[in-house]
Number of protein chains: 2
Amino acid sequence: MKEGPDISQVAALIGDPARANILTALMDGRALTASELAGEAGVGLSTASGHLSKLTDGQLIRPRKQGRHKYFQLADDDVAGVLEALMGLAARRGATRVRTGPRDAQMQQARVCYNHLAGRMGVQMYRALLARGALAEQDDEVSLTDTGVVFATGFGIDIAALRDARAPLCRSCLDWSERRNHLAGSLGRAMLARMEETGWIRRVPGHRVIRVTARGERGFNEVFGG
Amino acid sequence: MKEGPDISQVAALIGDPARANILTALMDGRALTASELAGEAGVGLSTASGHLSKLTDGQLIRPRKQGRHKYFQLADDDVAGVLEALMGLAARRGATRVRTGPRDAQMQQARVCYNHLAGRMGVQMYRALLARGALAEQDDEVSLTDTGVVFATGFGIDIAALRDARAPLCRSCLDWSERRNHLAGSLGRAMLARMEETGWIRRVPGHRVIRVTARGERGFNEVFGG
DNA sequence: TTCATAGTTCGACCGTAACCGAAGCATTCA
DNA sequence: TGAATGCTTCGGTTACGGTCGAACTATGAA
């Protein structure tokens with residue numbers, strides 16, 4: 001008597017070692033690129049690509065294209081919940097593994113990403129703007145609220161001028177070191193430019209690293225918390 | 001690379017269609033013989049035997065020898081919980097089985113989930129118990145309050161006896177059709193058994209569907225609202 | 001423009017495991 | 001004691017799917 005949903009397809013999807021590794025790697029909520037996931041899974045890029053499209057079709061993960069990178073994250077909390085529950089069952093017979101750490105500290109702190117602020121500082125700014133209601137997020141889209149217009153103007157940015165330009169005002173950009181959103185778009189660019197003008201930061205020529213001045217650190221923390 | 005237990009083995013175990021059929025058939029908490037399960041799975045007896053020993057090794061099911069029969073049942077509530085959760089994912093993907101008929105509607109209304117009540121009725125009961133302070137939820141854990149002990153006793157359940165058994169008294173289980181918690185654990189089992197004793201419900205033999213009697217409907221609404 | 005990097009698709013190879021039937025135990029019943 | 005039933009094991013076949021490298025597409029950098 002075959003009743004209820006067919007669990008074998010979903011389970012089989014999770015049941016391949018490479019795919020299970022991919023899903024486990026995504027369990028912390030970060031978004032990783034196809035190449036990184038190939039490394040995590042211990043398979044070649046072409047193999048991983050096949051797995052990723054299967055997982056996407058199965059709605060266990062969700063892809064997000066960004067430039068020439070393609071980031072993947074778990075589809076939603078329910079998926080994470082199922083994985084967690086499966087780990088509970090699997091734990092009854094042991095078999096655990098290890099983990100690796102990150103690298104370039106300076107770049108992770110603050111850097112330029114297509115002319116806007118990225119790294120921990122970029123992510124912190126983005127979250128602060130969300131928290132104070134300056135930005136509104138929905139379905140991977142982000143927009144500037146009325147509150148946000150007031151804030152940006154106070155920060156020294158001419159929003160009306162930015163709106164005149166064809167380029168999108170706000171875009172969320174996935175941070176490669178933090179794996180969280182930061183602010184892109186013409187507003188993101190203007191924010192970074194403004195920080196440079198006011199002497200908060202200094203860009204290292206020929207490199208993406210950003211140096212934060214003492215004044216910049218004070219000011220940044222004051223405005224964006226932290 | 002990775003951390004946490006290896007979920008791929010357990011998932012692969014569930015991922016085979018024949019084994020998934022076997023596990024699904026056991027979801028109502030009954031113990032079935034190898035021959036019956038072979039029929040459920042749609043494979044030959046020798047094939048089923050192989051699957052059953054794999055599932056046993058994987059601790060998803062538990063065999064019980066009785067004479068020349070060998071009965072199998074799910075290993076415990078956790079296994080049932082994982083299966084329910086997987087059904088939730090599968091249902092969302094639209095991977096329901098071909099057979100959709102009156103029985104599906106009945107299943108969503110009230111069904112057995114490893115010996116406890118699931119479906120809309122199960123969820124409603126759970127929420128009513130929370131609302132009246134009989135159950136307390138925190139961090140995915142659920143426990144019986146003093147108020148709850150009084151209530152359960154009034155319902156005809158010997159809580160002291162349940163506590164003596166090793167099995168956990170209360171446990172929440174995610175309902176695949178409602179996507180909300182319902183009550184599992186030995187109390188959940190006792191509640192269902194009590195409803196059957198008092199003639200509120202009648203289990204359809206060989207199926208997970210539960211039939212609610214007229215008296216049961218009155219009584220249930222009276223006690224659990226709605 | 002040209003070059004480099006990220007990812008996808010294709011083709012071929014190969015291993016695992018699902019499957020069945022037949023023979024082999026084990027248990028119960030006559 | 002045999003005969004019947006329930007299940008397991010074995011051997012052989014088959015097919016599905018995971019794997020890689022190479023060719024191809026798309027995007028960004030110089």
Side-chain angles (χ1 to χ4, degrees), chain A residues 6 8-23 25-26 31-58 60-73 107 111-116 118 167 171 173-174 176 179 184 189 205-208, chain B residues 6 8-23 31-58 60-73:
Chain A
D6 181 12
S8 74
Q9 294 174 31
V10 173
L13 222 39
I14 308 174
D16 174 76
R19 287 193 294 261
N21 284 341
I22 288 172
L23 292 169
L26 294 173
L32 298 177
T33 66
S35 309
E36 288 167 325
L37 288 169
E40 293 281 349
V43 296
L45 183 53
S46 64
T47 304
S49 179
H51 285 314
L52 289 169
S53 70
K54 277 178 186 158
L55 289 171
T56 305
D57 290 346
L60 293 182
I61 63 176
R62 205 153 35 91
R64 237 177 106 182
K65 247 181 140 162
Q66 196 149 102
R68 58 180 165 182
H69 291 273
K70 195 166 176 186
Y71 289 91
F72 294 88
Q73 56 192 156
M107 290 271 283
R111 68 177 178 278
V112 175
C113 169
Y114 308 134
N115 280 325
H116 56 259
R171 255 183 59 221
C173 177
L174 208 49
W176 69 257
R179 302 312 148 116
R189 207 167 310 149
H207 211 289
R208 302 177 58 190
Chain B
D6 180 19
S8 73
Q9 292 176 32
V10 174
L13 222 40
I14 307 174
D16 175 76
R19 286 194 293 263
N21 284 339
I22 289 172
L23 292 170
L32 299 176
T33 66
S35 309
E36 289 168 324
L37 289 170
E40 294 282 350
V43 295
L45 183 53
S46 63
T47 303
S49 179
H51 285 314
L52 289 169
S53 69
K54 277 179 187 158
L55 289 171
T56 305
D57 290 345
L60 293 182
I61 63 176
R62 207 153 27 99
R64 254 173 59 196
K65 255 180 127 164
Q66 204 155 91
R68 58 181 164 181
H69 292 271
K70 194 165 175 184
Y71 289 91
F72 294 89
Q73 55 189 334

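Note that the structure is predicted; figures quoted are calculated from it, not measured. Chain A is the first sequence line, chain B the second, and so forth, proteins listed ahead of strands; every chain is numbered from 1.
- The distance between atom NZ of A:K54 and atom P of C:dT8, rounded to the nearest whole Å, is 14 Å.
- For A:H116 against A:R189, the heavy-atom pair with the smallest separation is CB-N, 4.0 Å.
- End-to-end axis angle for the helix from C:dT1-D:dA30 to C:dA30-D:dT1, using five pairs per end and rounding to 10°, comes out at 20°.
- Of all the heavy atoms in B:L52 and B:T56, the pair that sits closest is O-OG1, 2.6 Å.
- Taking every heavy atom of both residues into account, B:A41 and B:I22 meet most closely at CB-CG1, 3.8 Å.
- Within the 4.5 Å cutoff, the side chain of B:D57 has no heavy atoms near those of the B:L13 side chain.
- Whole-Å rounding puts the B:H69 NE2 to D:dA4 C1' distance at 12 Å.
- One can place CG of B:D57 at 10 Å from P of D:dT9, the figure rounded to the nearest angstrom.
- With hydrogens and angles disregarded, no donor-acceptor distance shorter than 3.5 Å links the side chain of A:S49 to the backbone of A:L45.
- Between the CZ atom of A:F72 and the P atom of C:dA6 there is a distance of 14 Å, rounded to whole Å.
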Which letter, B, S or -, goes with each nucleotide of nucleotides 19-30 of chain C from 5' to 3', with contact meaning a protein heavy atom under 4.0 Å? SBBB----BB--
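- Listed nucleotides C:dA18, D:dG6, C:dG7 differ in distance to A:T33; the shortest reach to its side chain belongs to C:dG7.
- Taking the side-chain contact (heavy atoms from CB on, under 4.5 Å) definition, one finds that A:S8 meets it with A:D6, B:P17, B:A20, sequence neighbours left out.
- A:D16 and A:A18 make their closest contact through OD2-N, 3.0 Å (heavy atoms, listed as atom of the first residue, atom of the second, distance).
- Distance CZ (B:R19) to P (C:dT16): 16 Å, rounded to an integer number of Å.
- In this structure, B:L52 atom CG and D:dT9 atom C1' are separated by 14 Å, rounded to whole Å.
- Considering only side-chain N and O atoms, A:K70 lies nowhere under 4.0 angstrom from the phosphate OP1 or OP2 of D:dT27.
- Screening A:L26, A:L37, A:L23 for a side chain to side chain contact (heavy atoms under 4.5 Å, CB included) involving A:L55 leaves a single residue, A:L23.
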